[in-house]
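Below is the structure I would like to discuss, written out as structure tokens.
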Amino acid sequence: MDDADRYRCRRIYLKQSDNQAYQAEAACGALANIEGILLAAPFDQHCIHIIYSLDKLSFEIVIELLNELEFETDKSLLLSLRNTIFCFLEDNARDNMHIDVTEFQQDDNEGHDAPPQLDDEKYWDDYH
């Protein structure tokens, strides 16, 4: 995966409100210091433009975070469909990211306590 493929640029549409505390500028202020968000800027009064890293966040996590902070997102049919597609695509991208598995492997000395693995034939012989 190329370095540019690790970042996503999205617009998040908020539910329209007359209260300034629940509009795009306030939401951008709330998202500004979140690790993984490179840019959070108001696109207009009810829309946020964000750029974030897939290594740390996903579109679904950002939406959930906004909802936790009491910013309601627009849940119209087309935007809900678009958001679902974004979540699906990002889940696939995150699943296909190359992760260095050597950092998760145990030392050879630590693996001696693991139970021995039985082969499949032995299992079926015991089953009969």
(message) Just verifying a value: how many Å separate C28 SG and F43 CZ, rounded to the nearest 0.5 Å?
(response)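 Answer rounded to 0.5 Å: 12.0 Å.
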
(request) With the side chain counted from C-beta on, respond yes when S58 and R94 share a heavy-atom pair under 4.5 Å apart, and no when they do not. (result)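 When only atoms from C-beta onward are counted, R94 and S58 do touch, with a gap below 4.5 Å.
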
(message) If hydrophobic clusters are built by linking Ile, Leu, Val, Met, Phe, Trp and Tyr wherever their side-chain heavy atoms come under 4.5 Å apart, do L81 and F88 end up in the same one?
(response)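 Cluster IDs for L81 and F88 match.
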
(request) Group every Ile, Leu, Val, Met, Phe, Trp and Tyr by side-chain heavy-atom contacts under 4.5 Å, then state whether L39 and I34 land in the same group. (result)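 Hydrophobic grouping puts L39 apart from I34.
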
(message) Can you tell me how far apart CD (E60) and CG (L65) are? Round to the nearest 0.5 Å.
(response)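 It comes to 12.5 Å.
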
(message) So which atom in I12 and which in R82 form the shortest heavy-atom distance, rounded to 0.1 Å?
(response)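 Result for this residue pair: CA-NH2, 4.4 Å.
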
(request) Check the surroundings of atom CD in E64: do more than 12 heavy atoms from other residues, nucleotides or ligands lie under 6.0 Å from it? (result)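 Count over threshold, so yes.
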
(message) For F59 versus R11, what's the shortest heavy-atom pair and its separation?
(response)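 It is CE1-O, 4.4 Å.
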
(message) Are P42 and Q23 packed together at the side-chain level, in the sense that at least one heavy-atom pair is separated by less than 4.5 angstrom?
(response)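 No, side chains not in contact.
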
(message) I want to check something: taking the side chain as every heavy atom from C-beta on, are H46 and Y13 in contact at a cut-off of under 4.5 Å?
(response)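 No. Closest side-chain heavy atoms not under 4.5 Å.
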
(request) Answer whether the closest heavy-atom distance between the side chains of K75 and T73 falls below 4.5 Å. (result)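 Of all side-chain heavy-atom pairs linking T73 with K75, at least one is under 4.5 Å.
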
(message) If the threshold is 4.0 Å, N to carboxylate O, is there a salt bridge linking D74 and K15?
(response)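 Salt bridge: no.
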
(message) Ignoring hydrogens, what is the shortest heavy-atom contact between A27 and I48? Give both atom names and the distance.
(response)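 Smallest heavy-atom distance, with atoms named: CB-CD1, 3.3 Å.
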
(message) What I'd like to find out is whether the side chain of Y52 reaches to under 4.5 Å of the side chain of E90, using heavy atoms alone.
(response)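 A side-chain contact exists here, since the closest heavy-atom pair is under 4.5 Å.
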
(message) Please report the interatomic distance CD1(I63) to CZ(R10), rounded to the nearest 0.5 Å.
(response)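 With rounding to 0.5 Å, CD1 (I63) is 10.5 Å from CZ (R10).
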
(request) Measure the shortest side-chain to side-chain distance between I37 and I51 over non-hydrogen atoms and say whether it is less than 4.5 angstrom. (result)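 No, side chains not in contact.
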
(request) Give a yes or no on whether the backbone of A24 and the side-chain of Q45 come within a donor-acceptor separation of less than 3.5 Å. (result)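 Here the side-chain-to-backbone pair does not exist.
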
(message) Within the supplied structure, the quantity of interest is the number of heavy atoms (other residues, nucleotides, ligands) at a distance under 6.0 Å from N92 CG; does it exceed 12?
(response)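 More than 12 within 6.0 Å, yes.
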
(request) Find out whether Y7 and L38 are in side-chain contact, i.e. whether some heavy atom of one side chain is under 4.5 Å from a heavy atom of the other. (result)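 In short, these two side chains touch, coming nearer than 4.5 Å.
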
(message) Can you give me the closest heavy-atom contact between L54 and A93, atom names plus distance?
(response)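 For L54 versus A93, the nearest heavy atoms are CD1-CB, 4.0 Å.
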
(message) Any heavy-atom pair between the side chains of L66 and L31 that's under 4.5 Å?
(response)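 Sidechains of L66 and L31: in contact.
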
(message) Working to the nearest 0.5 angstrom, can you tell me the gap between R8 CZ and I50 CD1?
(response)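 Nearest 0.5 Å value for the CZ-CD1 distance: 12.0 Å.
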
